[in-house]
Enquirer: 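Below are the structure tokens for one structure; questions will follow.
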Amino acid sequence: MSRRTFVMATLAAAALLALPSVVAAAPETALPSPPPTDNRSAMLPVELNINGKSHRLQLDPRTALLDALRENLHLTGTKKGCDHGQCGACTVHLDGHSALSCLTLAVMAQGKAITTIEGLAKGDTLHPVQAAFIKHDAFQCGYCTPGQIMSASALLADQHTRHGSAVEIREAMSGNLCRCAAYPNIIAAIQEAQRA
Ligand code: FES
Ligand code: FES
């Protein structure tokens, strides 16, 4: 290789090595910036009838009823367990039927009578299921208890299941988990309420 060829090859290699930095230094192609996000414009007016009282809220349409109850209205009696429809801790009544509030969008609960554990007693008079839970010591930590009581009270209000056997009650309540395993006392309490 002649001296001239060697010098030319070296200069060509140096130019190639410098290329990435040249590319990096090149001004980026301007991308159109996304439109500004205004969360307020994504909010919807939602009216919920809870325990006989109307509440007007501005909610993200994706808000679960459970979160609207707990975070927006501070009705924390309804518990968040799994947040996936598997434990029953978040059970409320919609038009008298039990419903998992973690799987119910708040906007879809409009126009329905929503009852939470806070609205089950009539003044100072406990619902028969509440009284029976106390009598039978049907809770330990109490975290699952509001959901258990809401499911049981809807169950007993249903003409088709109100006179169920212990086996039928157990089956009907199988969506409500109790990590303290207070199941025998829960069933005894529901049977007591059933008799009442
Ligand atoms: S929190 Fe809704 S089912 Fe568990
Ligand atoms: S009483 Fe503790 S989870 Fe049921």
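Each ligand, and each atom within it, is numbered from 1 in the order the structure gives. As the structure is a computational prediction, the values presented were derived from the model and not from experiment.
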Enquirer: I need the atoms of ligand 1 closer than 4.0 Å to a non-hydrogen atom of C90, numbered in the order shown.
Expert: 1 (S), 2 (Fe), 3 (S)

Enquirer: Any idea which atoms of ligand 1 are less than 4.0 Å away from a heavy-atom of D83?
Expert: 1 (S), 4 (Fe)

Enquirer: At less than 2.8 Å, would any N/O/S atom of C87, backbone or side chain, sit next to atom 2 (Fe) of ligand 1?
Expert: no

Enquirer: For the residue pair S54 and N49, confirm or rule out a side-chain donor-acceptor distance under 3.5 Å.
Expert: no

Enquirer: What angle sits at atom 2 (Fe) of ligand 2 between SG of C141 and SG of C180, to 10°?
Expert: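 Rounded to 10°, it measures 100°.
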
Enquirer: Mark the output for G142 as yes if a heavy-atom distance to ligand 2 is under 4.0 Å, and as no if none is.
Expert: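 The answer is yes: ligand 2 sits under 4.0 Å from a heavy atom of G142.
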
Enquirer: Numbering the atoms of ligand 1 from 1, which are under 4.0 Å from a heavy atom of C82?
Expert: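 Listed by number with element: 1 (S), 3 (S), 4 (Fe).
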
Enquirer: Got a donor-acceptor contact below 3.5 angstrom from the S153 side chain to the I149 backbone?
Expert: yes

Enquirer: What residue and heavy atom of the protein are closest to atom 1 (S) of ligand 2, and at what distance?
Expert: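 Here the nearest protein heavy atom works out to Q140 N, 3.2 Å.
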
Enquirer: Can an N, O or S atom be found in C102 less than 2.8 Å away from atom 2 (Fe) of ligand 1?
Expert: yes

Enquirer: Where's the contact between A182 and ligand 2, heavy-atom distance under 4.0 Å: side chain, backbone, both or neither?
Expert: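 No part of A182 is near ligand 2 at this cut-off.
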
Enquirer: So do the side chains of P45 and Q58 get within less than 4.5 Å of each other, counting heavy atoms only?
Expert: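 Counting from C-beta outward, P45 and Q58 do come under 4.5 Å.
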
Enquirer: Under the 3.5 angstrom rule, does the side chain of Q191 hit a backbone N or O of A188 as a donor-acceptor pair?
Expert: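 Absent.
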
Enquirer: Looking at atom 3 (S) of ligand 2, what's its closest protein heavy atom, distance included?
Expert: R179 N, 3.3 Å

Enquirer: Using only atom types and a distance under 3.5 Å, with no angle test, would you say the side chain of Y143 pairs donor to acceptor with the backbone of K80?
Expert: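 Here the side-chain-to-backbone pair exists.
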
Enquirer: Mark up the atoms of ligand 1 that fall under 4.0 Å of a heavy atom belonging to G85, in ascending order.
Expert: 3 (S)

Enquirer: Given V92, which of L66, L75, L65 fulfils the side-chain contact (heavy atoms from CB on, under 4.5 Å) condition?
Expert: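 Of the listed options, the one satisfying the test is L65.
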
Enquirer: Please note down the angle at atom 4 (Fe) of ligand 2 between SG of C144 and SG of C178, to the nearest 10°.
Expert: 100°

Enquirer: Would you please test N51 and I114 for side chain to side chain contact (heavy atoms under 4.5 Å, CB included) and show each step?
Expert: CA-CA 6 Å; N51 301 329; I114 303 163; over 6 Å; no

Enquirer: In this structure, which one of Q130, H93, H127, K79 forms a side-chain contact (heavy atoms from CB on, under 4.5 Å) with I117?
Expert: Q130

